[in-house]
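Lettering of chains follows the sequences in order, A, B, ..., and the numbering in each one begins at 1. Since we're looking at a predicted model, the values are computed, not measured.
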Amino acid sequence: MSAPEDPRVPSRDDESAEPSNFLRDIVLADLEKGTHDGRVHTRFPPEPNGYLHIGHAKAVHIAWGLASEFGGKFNLRFDDTNPEKEETEFVEGIMEDVRWLGADWEDRLFHASDYFDQLYEWAQHLVREGKAYVCSLTEDQVREWRGTVKEPGRPSPDRDRPAAESLDLLERMKRGEFPEGRYTLRARIDMAHPNMKMRDPLLYRIKHMAHHRTGDTWHIYPMYDYTHGQSDAIEGITHSTCSLEFQVNRPLYDWFIENLPVPHEPRQYEFARLNLTYTVMSKRKLRRLVEEGHVSGWDDPRMPTLKAMRRRGYTPEAIEEFCDRIGVAKADSTVDFSLLEWAVREHLNRVAPRYMAVLRPLKVVITNYPEDRVEMVDCVNNPEDASAGTRQVPFSRELWIERDDFREEAPRKFFRLKPGSEVRLKHAYYITCDEVIKDEAGEIVELRCSYDPESRGGSTPDGRKVRGTLHWVSCQHAVAAEVRLYDHLFRDPFPEESGDFLENLNPRSLEIVEDARLEPALGELTRGDRVQFMRNGYFCVDTVDSTPGRLVFNRTATLKDTWAKIQARG
RNA sequence: UGGGGCGUAGUCAAGUGGCUAAGACACAUGGUUUUGGUCCAUGCAUUCGCAGGUUCGAAUCCUGCCGCCCCAGCCA
């Protein structure tokens with residue numbers, strides 16, 4: 001990349017460059033100054049206690065993006081310091097998600113638990129230096145002694161415990177000689193510090209619990225603050241990115257780096273986490289949705305989890321585009337769901353092959369078309385991509401069209417099928433509606449139409465204009481399938497802001513179409529295939545419930561629907 | 001009301017003293033169209049939370065005020 005002629009021209013004018021943001025600018029400046037020996041090394045540090053969601057995708061995108069753009073490295077590190085909540089099950093799931101997003105940690109998969117020995121040695125170091133002590137206050141006492149945001153705390157009676165004594169107690173804590181809660185190891189900083197995090201924070205607590213990786217080796221486990229920065233230091237992380245709520249932890253992060261003989265000095269930078277309209281992002285709330293049965297699981301396509309979005313048909317490319325568009329900043333914000341939808345449409349429009357599928361079938365009989373005749377018509381697979389080619393679709397006397405595409409009494413702007421009017425059947429023929437057949441209840445059950453043999457392929461020698469073009473499926477060739485239509489999980493764009501978020505669930509977030517009629521080629525699709533149902537939306541074959549004999553499709557996103565807007569306006 | 005952050009359009013977000021405040025999404029209008037999709041064109045902040053001040057010149061600097069978020073887990 002050559003330097004711009006005019007230095008004031010931002011580099012983002014260069015199409016190959018990432019849009020800039022304050023983190024990127026910091027890295028750029030560090031590279032300029034030669035900080036960290038000119039290295040860029042980032043990491044994504046999930047706790048393996050749940051599944052990743054779109055907010056985590058932003059965090060991965062930032063960390064991985066910084067590393068990949070500047071020829072740096074990216075680590076995946078599981079922050080597994082609390083054996084109570086962590087499970088191996090999540091480790092595999094998270095790796096799958098991060099890999100799917102396209103972030104490559106190469107051979108650098110780590111666990112904070114890899115550093116337990118080193119962390120323990122450093123804890124002893126702090127004790128010897130008079131910077132940490134074993135405290136015998138109970139949990140409640142610690143809380144009480146800590147003071148409040150407005151009042152300073154009081155020093156623990158053990159604050160001046162001799163180093164030798166603390167060392168001995170710490171060793172015995174480690175060996176499991178004491179019950180949980182009996183002692184903690186605390187940093188000796190400042191009980192009157194205006195930042196609560198600096199009031200002699202806990203470094204270790206006793207937990208007689210097996211760890212998913214270290215087994216029964218430990219009876220004490222390090223706290224997040226004592227673990228995170230040092231793990232970054234050990235791995236040579238240069239820019240440790242995290243979300244805004246950790247800003248108050250940064251002075252403590254720095255304190256450990258300054259007071260320990262670490263091999264490297266990482267720096268922490270915080271950005272605003274992602275919020276999205278019409279959904280919730282907190283692990284606790286997502287867990288409630290799953291556990292209380294409001295969704296079918298963590299991979300229910302309505303969930304904002306990555307495994308759900310993957311199942312729904314979202315692509316990593318779409319998520320990356322979305323992340324590029326939302327930017328990186330420090331202001332709390334909630335992004336419009338429509339931007340995510342735009343991103344997935346933008347990608348799928350380019351790559352999804354088009355097919356015809358009728359979701360709510362209405363029979364059309366073409367009275368002047370021979371009963372036993374079947375013609376194969378040529379259909380374009382993707383008008384955005386000539387290389388996608390064409391396919392043959394069978395056309396016959398009896399067809400299914402969309403119920404919405406016929407109106408017995410139609411408004412002026414309705415240019416689909418109505419009595420006496422002519423429309424085009426996509427890639428096939430023009431038809432005119434001659435007669436409407438109803439049952440005893442007055443329900444329309446069939447349309448009798450006539451076709452113009454001259455219009456084969458969808459145009460006529462006389463060049464007459466036909467305003468509406470409908471998709472269709474030949475009855476005798478149709479494949480039946482289940483189609484699941486998803487809408488926002490919540491009806492309120494800010495479900496957390498008014499009452500219990502569960503009260504804002506959208507009762508129509510899932511509509512199941514049991515008996516859609518598809519053109520035969522769709523019957524050949526396999527799990528995970530992504531397509532466009534023309535005039536309907538983007539769909540993918542469900543990876544869980546679909547079988548070759550009974551296809552199940554998930555709607556990823558609708559197409560933009562200008563007609564729906566016109567109708568809504570009245 | 002201690003400390004740490006943040007307020008630019010409906011939503012994100014550039015901008016860091018000097019031409020008419022980027023861009024995207026959304027929205028609106030028109031055009032093209034064998035998907036009411038895509039695509040194309042146009043419009044959409046006389047003003048940057050508010051009020052003063054400094055300056056020839058302020059979203060950018062100063063002062064005061066207002067609002068929102070985070071911190072008192074032996075969670076991360």
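When both distances must be under 3.5 Å, the Watson-Crick or G-U wobble mate of B/A24 is B/U11. Remark: B/C75 base-pairs with no nucleotide in the shown strands. Criterion, Watson-Crick or G-U wobble with two distances under 3.5 Å.
A/P383 comes within 4.0 angstrom of a nucleotide base, judged by non-hydrogen atoms across all strands. Across all strands shown, A/E139 has heavy atoms under 4.0 Å from base atoms, whether or not it also approaches the sugar-phosphate. Within 4.0 Å of A/R416, counting heavy atoms only, lies at least one base atom of the nucleic acid. Within the nucleic acid shown, A/T227 has no heavy atom closer than 4.0 Å to any nucleic acid atom. Among the heavy atoms of the strands, none lies under 4.0 Å from A/L470. Looking at heavy-atom distances under 4.0 Å, A/L252 makes no contact with the nucleic acid at all. The residue A/L559 sits close to a base: some heavy atom pair falls under 4.0 Å. Counting any heavy atom pair closer than 4.0 Å across all strands shown, A/F414 reaches a base atom. Using a 4.0 Å heavy-atom distance criterion, A/K330 is classed as a sugar-phosphate-only contact. Heavy atoms of A/V149 sit under 4.0 angstrom from at least one base atom.
Separating the NE2 atom of A/H211 from the C1' atom of B/C75 is a distance of 14 Å, rounded to the nearest angstrom.
For B/G73, the base is syn relative to its sugar; the glycosidic angle is within 90° of 0.
Between A/T81 and B/A76 there is a side-chain polar atom (N or O) within less than 4.0 angstrom of OP1 or OP2. For B/U11, neither phosphate oxygen OP1 nor OP2 lies less than 4.0 angstrom from any side-chain nitrogen or oxygen of A/R325. Under 4.0 angstrom from either OP1 or OP2 of B/C71 there lies no side-chain N or O belonging to A/R146. Listed pair A/S20 / B/A14 fails the phosphate criterion, with no side-chain N or O lying under 4.0 Å from OP1 or OP2. Considering only side-chain N and O atoms, A/K207 lies under 4.0 angstrom from the phosphate OP1 or OP2 of B/C75. Between B/A28 and A/K565, a contact under 4.0 Å exists linking OP1 or OP2 to a side-chain N or O. Of the side-chain N and O atoms in A/R199, none sit less than 4.0 angstrom from OP1 or OP2 of B/A72. Between A/N349 and B/U38 there is no side-chain polar atom (N or O) within less than 4.0 angstrom of OP1 or OP2. Between B/A76 and A/R205, a contact under 4.0 Å exists linking OP1 or OP2 to a side-chain N or O. Taking only side-chain nitrogens and oxygens, A/R345 never comes nearer than 4.0 Å to OP1 or OP2 of B/G37.
Counted by atom type alone, A/T460 and A/D462 present one or more donor-acceptor pairs between their side chains at under 3.5 Å. Under the 3.5 Å distance criterion, with hydrogens and angles disregarded, a donor-acceptor pair is assigned to the side chains of A/D378 and A/Q392.
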Test A/E375 against A/R456 for salt bridge (Lys or Arg N to Asp or Glu O under 4.0 Å), laying out the working first. CA-CA 10 Å; A/E375 282 180 81; A/R456 191 173 203 278; 2.4 Å; yes

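For the pair A/V466 and A/F246, both in contact range of RNA chain B, the more 5′-proximal nearest nucleotide belongs to A/V466.
Set against B/C6, B/C25, B/G36, the side chain of A/L339 has B/C25 as its closest nucleotide. Taking only side-chain atoms of A/S333, from C-beta outward, the nucleotide of B/C12, B/G37, B/G73 with the closest atom is B/C12.
Applying the ring-ring contact (aromatic ring centres under 6.0 Å, His included) rule to A/Y314 yields no partners; only residues at least two apart in sequence or on another chain are considered. Listed by chain and residue number, nothing satisfies the side chain to side chain donor-acceptor pair (under 3.5 Å) test with A/R205 (two or more places apart in sequence, or in another chain).
Judged by the 6.0 Å and 45° rule, A/K426 forms no cation-pi pair with A/W472.
Heavy atoms only, all atoms of each residue included: A/A388 and A/N381 are closest at O-ND2, 2.9 Å.
Between the side chain of A/E384 and the base of B/G37, a donor-acceptor pair under 3.5 Å is found. Residue A/K426 places no side-chain atom within donor-acceptor reach of the base of B/U35, judged by atom type and a 3.5 Å distance cut-off alone.
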